[in-house]
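Quick note on labels: first sequence line is chain A, next is B, and so on, each numbered from 1. Both backbone and side-chain heavy atoms feed into the values below; hydrogens, waters and symmetry mates do not.
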Protein chains: 2
Amino acid sequence: MRVTIAHVALRAGVSKATVSRVLNGKGETDAATAARVRRVVKELGYVPSARAVSLAKGRTGVVGVLAPNLTRPWIAQVMQGVVDAMASSGHGLMLFTRNVGDDSFQRFAGHVNANAFDGLLVIEPEETVPAVAKMVSAALPVVLISDREAGMGMPVVATGNRPGGRQAAEHLLALGRRRPLVVGGPDGYDCAAERVGSFTAAFAEAGFPVPAHAFFPGDYSGESGRVAVSSAVADGTEFDAVFAHNDLSASGVLQMLGHLGRPVPVDVAVVGFDDAGHAALTAPPLTAVHRPLREIGAEAARMLAVALAGGAVPDEPVEIANDLVVRNSTIVPG
Amino acid sequence: MRVTIAHVALRAGVSKATVSRVLNGKGETDAATAARVRRVVKELGYVPSARAVSLAKGRTGVVGVLAPNLTRPWIAQVMQGVVDAMASSGHGLMLFTRNVGDDSFQRFAGHVNANAFDGLLVIEPEETVPAVAKMVSAALPVVLISDREAGMGMPVVATGNRPGGRQAAEHLLALGRRRPLVVGGPDGYDCAAERVGSFTAAFAEAGFPVPAHAFFPGDYSGESGRVAVSSAVADGTEFDAVFAHNDLSASGVLQMLGHLGRPVPVDVAVVGFDDAGHAALTAPPLTAVHRPLREIGAEAARMLAVALAGGAVPDEPVEIANDLVVRNSTIVPG
DNA sequence: GTGAAAGCGCTAACAA
DNA sequence: TTGTTAGCGCTTTCAC
């Protein structure tokens with residue numbers, strides 16, 4: 001049978017209460033008694049039952065994390081930051097994704113309602129924000145990782161899409177580019193809309209608004225980058241730059257530009273987004289906006305840990321600066 | 001205050017035991033009583049406390065998952081499969097990674113010792129296999145996802161590295177290639193060693209052993225692919241193919257071959273491994289071994305669910321067939 | 001400083 | 001079919 005606190009108490013010749021006190025460092029305990037208890041704990045290999053502790057304390061030491069999925073590379077990066085920070089603050093982490101529709105969210109909500117968590121961390125909640133807000137209370141802190149404005153009063157760490165789009169625009173503007181093509185994301189996906197929106201806003205502010213026909217919706221894929229370039233060329237649209245909302249579509253852009261014999265970066269400068277591993281491996285290597293994703297995840301987790309400890313968290317969205325990694329798709333090598 | 005089973009019992013005019021019976025479908029209950037209880041449950045919005053249930057039942061409904069990290073794409077894919085399958089079998093999933101050294105494993109072990117899990121799922125346990133084996137018992141089922149032989153009697157789902165290396169070799173052999181360069185992984189990383197090992201074994205069996213000087217250690221990076229090719233050329237090593245142990249290093253190989261003016265696939269055929277998203281976006285598109293990673297994760301999770309339900313799981317490592325995706329880095333287009 | 005006792009919220013024997 | 005009674009293993013008053 002499993003070793004319980006009763007065994008330890010018996011063997012140490014004290015009450016269960018004393019063992020508990022020693023282990024939790026609460027109340028005064030005689031040094032000798034404490035030492036004896038600790039020795040017995042070690043001898044017996046006693047580890048308090050997480051189940052019993054959480055029932056008695058009313059806290060589980062576990063936070064629920066809801067992510068869109070794990071396969072988008074940026075989310076995996078963020079999650080790694082979350083996992084590391086949660087681990088080092090001593091919390092467990094129950095992971096849920098909502099990639100199989102409404103079911104997944106219901107499952108998450110079920111655990112929340114069953115009081116399985118001390119806190120919640122939701123990555124890119126988007127349309128589920130109201131539902132999340134509803135299940136949260138003072139006793140159940142939550143932190144969001146999101147670029148959407150409407151956090152409904154919940155603490156949020158931004159994901160750098162908006163400033164990133166602007167950085168890309170400023171880079172191209174500084175290089176003298178005036179007529180960018182824009183490869184966007186699928187309708188309804190905020191992250192892409194934010195990147196693209198801030199990009200076009202920056203160009204407009206500089207006096208070079210991006211015309212509607214220079215905008216191509218995409219779907220995160222390389223194919224959408226290829227299609228955008230070939231459509232623009234077929235349409236006779238003139239361009240001296242391309243901003244693609246992610247690395248994959250930027251790769252497609254480079255591929256098609258190469259195929260059509262448009263030299264990069266001399267003729268066309270290309271900027272991608274994410275800088276996720278293979279950006280350096282395109283031909284030519286891709287200039288891309290790089291977001292400190294792990295740090296974003298870690299920061300959110302740390303904020304949640306603070307909230308769990310009863311501390312205060314920022315009212316305003318927390319932004320973590322990202323950087324533009326300049327490679328040869330915008331600057332001639334040498 | 002939170003609604004408890006006592007509130008429901010009081011309001012429905014029955015005992016707590018009856019409420020429990022109705023909710024868990026155990027024992028016989030009068031249809032009318034059951035209906036009344038259910039109505040009250042709904043009215044009050046009662047959800048049983050996960051903490052109390054797990055203490056009383058002796059089971060948590062949660063499995064512990066230990067992964068190397070989330071940032072390697074293949075692991076993220078596997079994890080997604082695990083998450084989906086676990087969710088649909090109604091289990092929670094506590095995630096741990098061991099990317100910050102021994103600490104992380106200790107943290108995981110701590111939760112295991114605290115009886116926080118009903119079962120364990122360990123991805124690429126490698127050197128931690130003995131430690132994992134030690135904490136497992138009949139009451140704590142475990143499933144490994146690993147290509148290593150030594151599962152120490154624990155059920156295991158293979159990750160397709162060995163058959164994948166062989167598939168790559170057979171493809172190149174069928175194309176008449178006889179002198180492949182091999183870009184391996186870092187020493188001590190089994191997955192790379194397994195891919196490369198089965199590749200070279202297949203070539204040797206076909207009568208074309210790969211000489212030692214055609215083998216280049218790598219580190220998963222594109223740079224290692226570039227270095228391998230330029231070293232081989234500098235050494236005067238002749239080759240008509242390259243097998244890279246992952247897509248990233250294969251991209252580097254393509255890059256350097258292009259840089260050196262060696263046409264692909266006419267002069268050199270290149271095969272990568274993983275087929276993780278950007279393989280189709282290299283120039284030329286990369287032929288790569290594709291492993292059904294989500295399915296691998298899902299299968300392991302299903303096996304664990306079976307074990308949790310008291311069922312039997314296979315003794316032998318479960319292998320899930322992977323496929324070779326042929327693109328233009330080995331076959332001339334058209 | 002330490003022990004006894006009363007929970008935390010639920011499930012499971014055992015009676016009735 | 002249903003209620004009563006013990007737990008599950010720990011924490012936490014409240015006395016002493």
Side-chain N,O (A/Ser15) to OP1/OP2 (C/dA4) below 4.0 Å: no

Atom-pair distance ([atom1] on [X]; [atom2] on [N]), nearest Å:
X: A/Leu55; N: C/dC10; atom1: CG; atom2: P; result: 9 Å
X: A/Ile5; N: C/dG3; atom1: CD1; atom2: C1'; result: 13 Å
X: A/Lys16; N: D/dT12; atom1: NZ; atom2: C1'; result: 12 Å
X: B/Arg2; N: C/dG9; atom1: CZ; atom2: P; result: 8 Å

Given 3.5 Å as the limit, does a donor-acceptor pair link the side chain of [X] with the main chain of [Y], or not?
X: A/Arg21; Y: A/Thr29; answer: no
X: B/Arg59; Y: B/Asp118; answer: no
X: A/Arg98; Y: A/Ser104; answer: no
X: B/Ser54; Y: B/Ala50; answer: yes
X: A/Asp147; Y: A/Asn161; answer: yes

Can you work out whether B/Gly13 or A/Thr4 has the more 5'-proximal nearest nucleotide on DNA chain D? B/Gly13

Separation between CD1 of A/Ile296 and CD of A/Gln77, rounded to the nearest 0.5 Å: 10.5 Å

At 4.0 Å (heavy atoms only), tell me whether A/Ser20 reaches a base, stays on the sugar-phosphate, or touches nothing. base

Is it the case that the side chains of B/Asn69 and B/Thr97 hold a donor-acceptor pair, with the cut-off being a distance below 3.5 Å and no angle test? no

The correct set of residues in residues 21-29 of chain A placing a heavy atom under 4.0 Å from DNA chain D is A/Arg21, A/Asn24, A/Lys26

Does anything in residues 40-54 of chain A come within less than 4.0 Å of DNA chain D? Heavy atoms only, and list the residues if so. A/Tyr46, A/Pro48, A/Ser49, A/Ala52, A/Val53

What's the closest nucleotide to the side chain of B/Val14 if the choices are D/dC10, D/dG3, C/dG3? D/dG3

So B/His111 and B/Phe117, would you call those rings parallel, tilted or perpendicular, with 30° and 60° as cut-offs? parallel

